[in-house]
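Here is the structure we will look at.
One-based numbering, in listed order, for ligands and for the atoms of each.
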Amino acid sequence: MPARLLDGKALAEAEKRRIAERAGALRSAGRPVRLDAVLAHGGSDAASMVYADNQRKMCADLGIDYRLHELPVGCRAAEIAEQVERLNSDPNVHAVMVHMPLPAGVDAYGVQSLIAPEKDVEGVNPANIGNIVYGRVSLAPCTALAVLKMIDATGLELKGKFAVCVGASDIVGKPVAVMLMRREATVVSCTKFTEEITLLTRRADVLVAAAGSPGLIRRDWVREGAIVIDVGINRVTGADGKTRTVGDVAFDEVREVAGWITPVPGGVGPVTVVMLLDNVLASAERGGH
Ligand code: NAD
């Protein structure tokens, strides 16, 4: 029987409705929800502008006040840091993010580390991943939250299950592995250097692919009935010369063996976008503390 589809678009829409309700409740209580985003122009940031515009529209739809703080082309690390510090110390601000990429020469890790952990809605301050490790209140990285959200949508109890992450980047693979560990799954984190990787993946109850390698996960990598979450977003050109987006999972063949599978596009991507706003609400409900 082919795998059941984990529809990211439908999950995202359902989550958006819940977010709008939560934002409405806070607004009625005199605590309007807002998201403050910093955009430091680097000169070639059409993609960040599109992202910021989409974010503004989605926030407007959900009753979240979106404030974009733009810094001009040529701005330096110190100016970006000052802007972040201003937002950190403003009691009316409870959710802060900094659009990537930053201008050439500005250290993204340094800037992200400055965002107050309790306002860091992208979960990029290293303090937040530390808080996850120690089981403290944390704003987790959005892609990792989306992966967990999709696993939860299957109804699986993760405790004691065997989970394999293919890919161990700081931004996706490692946070996913840590969050699965918090749920008391048995977690194996693989990289391109892992030997005999299929011996591990074939045992997985939950297989998360975040390698950035199109079609890497083949049918014979996957245990029958496994939950397969595909984080990969890869642009490939087909034999017909057309460019399309594919994941790290060879979808058509893996769906024949998996129990659940996420499509690309329309899987983890749309849920990730919404998890950022879920973090905004979580932060607003705590009052940014
Ligand atoms: P990265 O390049 O920083 O890290 C890739 C990781 O995969 C590394 O740990 C590497 O060792 C491992 N890897 C690469 N090839 C492998 C192989 N053949 N076998 C085993 N491991 C292998 O990538 P990233 O930033 O983590 O992104 C991974 C993918 O996820 C990309 O396609 C990216 O576009 C996508 N992504 C999606 C979302 C989303 O919201 N859906 C968010 C971020 C990234």
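Remark: Asp220 pairs with no residue by the side chain to side chain donor-acceptor pair (under 3.5 Å) rule, at least two apart or across chains.
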Report the C-alpha separation of Leu281 and Leu26 in whole Å, then their side-chain angles, then the decisive distance to 0.1 Å, and conclude whether the side chain to side chain contact (heavy atoms under 4.5 Å, CB included) test is met.
CA-CA 9 Å; Leu281 264 295; Leu26 283 174; 4.1 Å; yes
Assess the residue pair Asp90 and Arg86 against the criterion (side chain to side chain contact (heavy atoms under 4.5 Å, CB included)); give the C-alpha distance rounded to whole Å, side-chain angles, the decisive distance to 0.1 Å, and a yes or no.
CA-CA 6 Å; Asp90 184 339; Arg86 267 198 297 278; over 6 Å; no
Test side chain to side chain contact (heavy atoms under 4.5 Å, CB included) on Val228 and Arg255 and set out the steps.
CA-CA 9 Å; Val228 179; Arg255 73 179 311 190; over 6 Å; no
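The two residues Ile227 and Leu6 come nearest to each other via the heavy atoms CG2-CD1, 4.5 Å.
By the 4.0 Å N-to-carboxylate-O rule, Arg286 lies too far from Glu118 to be salt-bridged with it.
Within 4.0 Å of ligand 1, protein heavy atoms come from Thr143, Val166, Gly167, Ala168, Ser169, Ile171, Val172, Thr191, Lys192, Ile197, Ala210, Ala211, Gly212, Leu216, Val231, Gly232, Ile233, Asn234, Val268, Gly269, Thr272.
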